[in-house]
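Reading through the structure tokens given below for one structure.
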Protein chains: 2
Amino acid sequence: MSNQPLSTPDQNPLLKLSSQLCFPLYAVSRLLTKAYQPFLQELGLTYPQYLVLLLLWEHEELTVKTLGENLLLDSGTLTPLLKRMEQKQWVSRRRDPRDERSVIIGLLPAGAALRQPACRIPEQLFNRLEMPEAEFEALRTQLNQLLLRLQ
Amino acid sequence: MSNQPLSTPDQNPLLKLSSQLCFPLYAVSRLLTKAYQPFLQELGLTYPQYLVLLLLWEHEELTVKTLGENLLLDSGTLTPLLKRMEQKQWVSRRRDPRDERSVIIGLLPAGAALRQPACRIPEQLFNRLEMPEAEFEALRTQLNQLLLRLQ
DNA sequence: GAATGTTTAATTGTGTGCAATTAAATTTTA
DNA sequence: TAAAATTTAATTGCACACAATTAAACATTC
């Protein structure tokens, strides 16, 4: 029943949801994250935790600062998230002895072991989108450009 | 200093942040919402609250269900958000006498008054993007299509 | 080399998001 | 029409996000 998008002409069309860029971004981002959920849940991961692992699978050890720079998240988000990942024995947290201000996050065996099952997730998500590859690439490129412009 | 994007070749490029669609979506969505912040803060609004008002400025009265369908948010998110908006006297909340299950959210004068100052926000954001209008439209269209596909 | 400034995480507080459950009202069905 | 199913919000619990503040470590300056 219902689920009809509302529509009414308006003297300022810029104030309509559908004319904005931010709303579809906001909504698509949440829906796409939700599409990851069934796959991530099997591994006990949340989406932001998965992003942290994507970086650690490539670099083994990274500071909180570097993680934050690459994910565009601050310590207020990362610290508690990383503590939860530490409790699950996926990562280690220790101060850098050469600069005690920095905290080094290291990949532990249990975290490394998640890589194999996670490998197939991107492909499965791509299939879920049912989107021509060219269109996917175009959208990805545009978003990455916009990302640079907004940083 | 630093702020260098990490890069290392990898046997599975699909697992890299930059090859994914979801990460730039997630990051751009948060950055764009953050770009709204200074404008919304002047009005005491958060971004999701602004979205609720966008709909109420057009329709005056909407049920929680209809708001949720249009914003793709559930009552777990909307109920506390709307209670905060009620405390600020922007909206009213009452049961529909014809169907006591539904809660009707109504626009109050203080909420209606926010429309004028909010009118200029989309334009200011567009300027902030420094993006050709054609590109803006193309991206908006693609995202709205993807939104339909994901729903 | 002490004083000043900067960098880095952690903490605190507020506000989403959302899955899962609950409870009430309504609708459908037997 | 009584019983069963559905619809709708609210509630609960958990996990982000992020602004603002704090505190410790390091760097710079005089």
Side-chain angles (χ1 to χ4, degrees), chain A residues 1-3 22-23 26-38 40-41 44-52 62-69 71-88 91 93-105, chain B residues 1-3 22-23 26-38 40-42 44-52 62-69 71-88 90-91 93-105:
Chain A
M1 216 66 76
S2 60
N3 196 20
C22 194
F23 174 68
Y26 164 74
V28 167
S29 172
R30 285 183 296 113
L31 285 177
L32 198 47
T33 299
K34 209 180 292 188
Y36 274 82
Q37 247 289 104
L40 294 176
Q41 192 167 28
L45 280 168
T46 65
Y47 183 70
Q49 291 170 4
Y50 167 72
L51 294 179
V52 167
L62 292 170
T63 62
V64 173
K65 177 177 164 54
T66 307
L67 281 170
E69 281 171 355
L71 301 178
L72 306 175
L73 294 171
D74 75 1
S75 69
T77 301
L78 286 175
T79 296
L81 183 156
L82 292 168
K83 284 182 176 172
R84 281 186 283 272
M85 295 181 76
E86 184 186 32
Q87 283 186 344
K88 298 200 171 191
V91 304
R93 297 169 67 247
R94 68 178 196 283
R95 293 278 166 182
D96 183 342
R98 289 176 307 177
D99 184 342
E100 292 280 345
R101 292 171 302 181
S102 298
V103 170
I104 298 176
I105 306 300
Chain B
M1 214 67 76
S2 61
N3 196 19
C22 193
F23 174 69
Y26 164 73
V28 168
S29 171
R30 286 184 295 115
L31 285 177
L32 198 47
T33 300
K34 210 179 292 188
Y36 274 83
Q37 249 287 105
L40 294 176
Q41 192 167 27
E42 283 183 39
L45 279 168
T46 65
Y47 183 71
Q49 290 170 4
Y50 166 72
L51 293 179
V52 167
L62 292 170
T63 62
V64 173
K65 175 177 165 57
T66 307
L67 282 170
E69 281 171 353
L71 301 178
L72 305 175
L73 294 171
D74 76 2
S75 70
T77 301
L78 285 174
T79 297
L81 183 155
L82 292 167
K83 284 182 176 172
R84 281 187 281 271
M85 296 182 75
E86 185 186 31
Q87 282 186 344
K88 297 200 172 191
W90 292 333
V91 304
R93 297 168 67 247
R94 67 179 197 283
R95 293 278 166 183
D96 183 342
R98 288 176 305 179
D99 184 342
E100 293 280 346
R101 290 171 304 180
S102 297
V103 170
I104 297 175
I105 305 300

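Chain A is the first sequence line, chain B the second, and so forth, proteins listed ahead of strands; every chain is numbered from 1.
A straight line from CD1 of A/I104 to P of C/dA10 spans 12 Å, rounded to a whole angstrom. Distance CG (B/L73) to P (D/dA9): 13 Å, rounded to an integer number of Å. Taking atom CD of A/E69 as the reference point, atom P of D/dC18 lies 15 Å away to the nearest angstrom. Rounding to whole angstrom units, CE of residue A/M85 and P of D/dC14 are separated by 19 Å. Going from atom CG of A/D96 over to atom P of D/dA25 covers 13 Å, rounded to whole Å. Counting to the nearest Å, the P atom of C/dT27 and the CD atom of B/E100 are 12 Å from each other. The interatomic distance linking A/L51 (CG) with D/dA17 (C1') rounds to 13 Å, in whole Å. Atom CG in B/L81 sits roughly 15 Å away from atom P in D/dA9 (whole-Å rounding).
For the atom pair A/L67 CG and A/L72 CG, the distance stands at 11.5 Å (nearest 0.5 Å).
Out of D/dA9, C/dA9, D/dC16, the shortest distance to the side chain of B/V103 is found at D/dA9. Nearest nucleotide to the B/T77 side chain, out of C/dA9, C/dA19, C/dT16: C/dT16. Nearest nucleotide to the side chain of B/R84, out of C/dT26, C/dT16, D/dA9: C/dT16. When each of D/dA25, D/dA9, D/dT8 is scored by its nearest atom to the side-chain atoms of B/R101, the top-ranked nucleotide is D/dT8.
Side-chain nitrogen and oxygen atoms of B/Q41 include none within less than 4.0 Å of the OP1 or OP2 phosphate oxygen of D/dA19. OP1 and OP2 of D/dA10 both lie 4.0 Å or more from every side-chain N or O belonging to B/S75. Contact between the side-chain N/O atoms of B/K83 and the OP1/OP2 oxygens of D/dT11 is found at a separation under 4.0 Å. For D/dC16, the OP1/OP2 oxygens have a side-chain nitrogen or oxygen of A/T46 closer than 4.0 Å. The side chain of B/T79 places no N or O atom within less than 4.0 Å of a non-bridging phosphate oxygen (OP1 or OP2) of D/dA9. Contact between the side-chain N/O atoms of B/R95 and the OP1/OP2 oxygens of C/dA24 is not found at any separation under 4.0 Å. Taking 4.0 angstrom as the limit, A/R93 places none of its side-chain polar atoms (N or O) nearer than this to OP1 or OP2 of C/dA9. Phosphate proximity of D/dA17 to B/Y26: present, with a side-chain N or O under 4.0 Å from OP1 or OP2.
Each of B/R98 and B/Y47 was matched to the nucleotide of DNA chain C holding its nearest heavy atom; the match closer to the 5' end belongs to B/Y47. Sequence order on DNA chain D of the closest nucleotides to B/V64 and A/G76 puts B/V64 first from the 5' end. Both A/P80 and A/S102 sit near DNA chain C, but only A/S102 has its closest nucleotide nearer the 5' end.
Put simply, the side chain of B/V52 does not reach to within 4.5 Å of the side chain of B/W90, judged on heavy atoms. Put simply, the side chain of B/R30 reaches to within 4.5 Å of the side chain of A/L73, judged on heavy atoms. Between A/I104 and A/R95 there is no side-chain heavy-atom pair separated by less than 4.5 Å. Residues B/P80 and B/R84 form a side-chain contact, since some pair of their non-hydrogen atoms from C-beta on lies under 4.5 Å apart. Looking at A/L82 and A/V64, their side chains come closer than 4.5 Å, going by heavy atoms from C-beta outward.
With sequence neighbours left out, B/R94 forms a side-chain hydrogen bond (donor to acceptor under 3.5 Å, both in side chains) with B/E61. Contacts of B/D99 classified as side-chain hydrogen bond (donor to acceptor under 3.5 Å, both in side chains), with partners at least two apart in sequence or in another chain: B/R101. Qualifying side-chain hydrogen bond (donor to acceptor under 3.5 Å, both in side chains) partners for A/T33, counting only residues two or more places apart in sequence or in other chains: none. Annotation: side-chain hydrogen bond (donor to acceptor under 3.5 Å, both in side chains) contacts of B/Y50 (sequence neighbours excluded): none.
Helix bend of the helix from C/dG1-D/dC30 to C/dA30-D/dT1: the angle between its two end axes, each built from five pairs, comes to 10° after rounding to 10°.
The minimum heavy-atom distance between B/S29 and A/Y26, with the atom names listed, is OG-CA, 3.4 Å.
Proximity of residues 28-37 of chain B to DNA chain D (heavy atom under 4.0 angstrom from any strand atom) is restricted to B/R30, B/K34.
Within 4.0 Å of B/D74, counting heavy atoms only, lies at least one base atom of the nucleic acid.
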